[in-house]
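Data block below; observations after.
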Amino acid sequence: MSWKTALYNYVHAKNQAELEGSAAPLDAFVSDSAYVRKQDVKVRRLLNSYRERDAKLLRGETKLRMQGVKELPYGIIADIQLHRFLTYQIDSIEHQEERIESERVVIEQHTAGWKVQSAESLQSEKSRTSHGRSYHLSENETFIDTLRSSPSLPYINPSIRNTSGLESAPRKIIYNRPKAVQYAEMWWQKPNPRYDYFEVDCTNYVSQCLFAGGAPMDYTGKRESGWWYGGKKGHQELWSYSWAVANSLHHYFERPHKHGLTGTVVKDARELQPGDTISYDWDGDGRYQHNTFVIGKDANGMPLVNAHTFNSRNRYWAYKDSPAWSERTKYMFIHVADEM
């Protein structure tokens, strides 16, 4: 048996484990018992989630793509991408969920042949607490001044900028939910090259969807306030934290605004519509670490979401199969205003 066959067996067993709600199929192909136990917790949560929804899991399919291979004296390290399809039924209605997961798999040769020694995810749905690299404009430099020589001018909505110096009431903008959902469907699987891509990209993706629906950017010139994106000028990052950091977007929604992007917290997920958002506090400590975008509803009237990190489509909103989920997880349901 070759290492490629061992890898194929591992992927097939992982797919089967989700269908059965047990990691037992992985025992024969993976040496790392700790990894198998973690997978068992994950697939049991997934199975329980389907039961809670009165949903019947019908079939699963996983497409494997090799992203990189490194040969070592003791075996192979393979970076792989798994495009997963899960089809389930509620009453007589079928739904299909898609996820894209990247893993690093270590495959070793034993006397009995090749076997997966360990596997780890290359992504996390739990964002870092820091902002990462930061760039702050000087006190004498405004964001608009900086953008005059920036290649990202197409992102600016001229209707929000008062270039005449005359005060006038901002016009009402109607949030186009179908257009926002269309964007979410177009770019869930890969990043839009017009925007910078982040290692943890969930909030950047949600912000893009909101903007595609017509939500106007709030240009303040300060990274700590407003909601705006202007690309890069050299190594200078020109976007607000609220555009790309989960907790910052959540707090931006919480603050009252006279105009521009606004949202209302609702108590029940059923109240959400396509074009709304959900924030996730995995640890229950008040700091939100993930955002998703509502693109539809299942047969029970519950939200289905698209997201980045992991890239997901039609995923059930509760995320109980996520490695980041815990019993302390809290959600915030944001209904985006129809007029801004």
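Because only heavy atoms are used, hydrogens play no part in the values below, and waters and symmetry mates are left out as well, while side chains stay in.
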[Y] and [X], any side-chain heavy atoms less than 4.5 Å apart:
X: Phe198; Y: Trp239; answer: yes
X: Trp243; Y: Asn204; answer: yes
X: Tyr175; Y: Leu210; answer: yes
X: Trp282; Y: Thr329; answer: yes
X: Asp40; Y: Ser22; answer: yes

Return yes if a side-chain donor-acceptor contact under 3.5 Å exists between Thr87 and Gln96, otherwise no.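 A pair is found: one side chain offers a donor N or O, the other an acceptor, under 3.5 Å apart.
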Would you call Lys38 and Asp32 a salt bridge, taking side-chain N to carboxylate O under 4.0 Å as the test?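 No, no charged N to carboxylate O under 4.0 Å.
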Salt bridge (Lys or Arg N to Asp or Glu O under 4.0 Å) partner of Asp321, chosen from Arg45, Arg315, Arg44: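 Considering Arg45, Arg315, Arg44, a salt bridge (Lys or Arg N to Asp or Glu O under 4.0 Å) with Asp321 is found only for Arg315.
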Is the side chain of [X] donor-acceptor paired with the backbone N or O of [Y] at a distance under 3.5 Å, no angle test?
X: Asn247; Y: Tyr288; value: yes
X: Asn300; Y: Arg53; value: yes
X: Thr309; Y: Asp201; value: yes
X: Tyr205; Y: Ala184; value: yes

With Ile77 as reference, evaluate Ile107, Val69, Val105, Leu72 under the side-chain contact (heavy atoms from CB on, under 4.5 Å) test and give the passing residue.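 Exactly one candidate clears the test, Leu72.
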Quick one: sort the Trp227 and Phe211 rings into parallel, tilted or perpendicular, breaks at 30° and 60°.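 Taking Phe211 first and then Trp227, their aromatic rings stand perpendicular (interplane angle over 60°).
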Residue pairs, two or more places apart or on separate chains, that pass salt bridge (Lys or Arg N to Asp or Glu O under 4.0 Å) and touch residues 72-97: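 Pairs touching residues 72-97 that pass the test: Glu18-Arg84, Arg59-Glu94, Asp79-Arg104, Arg84-Glu101, Glu97-Arg99.
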Which residue pairs pass the salt bridge (Lys or Arg N to Asp or Glu O under 4.0 Å) test when at least one of the two sits in residues 270-282, sequence neighbours left out?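 Every salt bridge (Lys or Arg N to Asp or Glu O under 4.0 Å) pair that includes a residue of residues 270-282, provided the two are not neighbours, is Arg177-Asp276, Asp268-Arg270.
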Which residues satisfy the ring-ring contact (aromatic ring centres under 6.0 Å, His included) test with His83, sequence neighbours excluded?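 For His83 the ring-ring contact (aromatic ring centres under 6.0 Å, His included) partners, ignoring immediate neighbours, are Phe85, Trp188.
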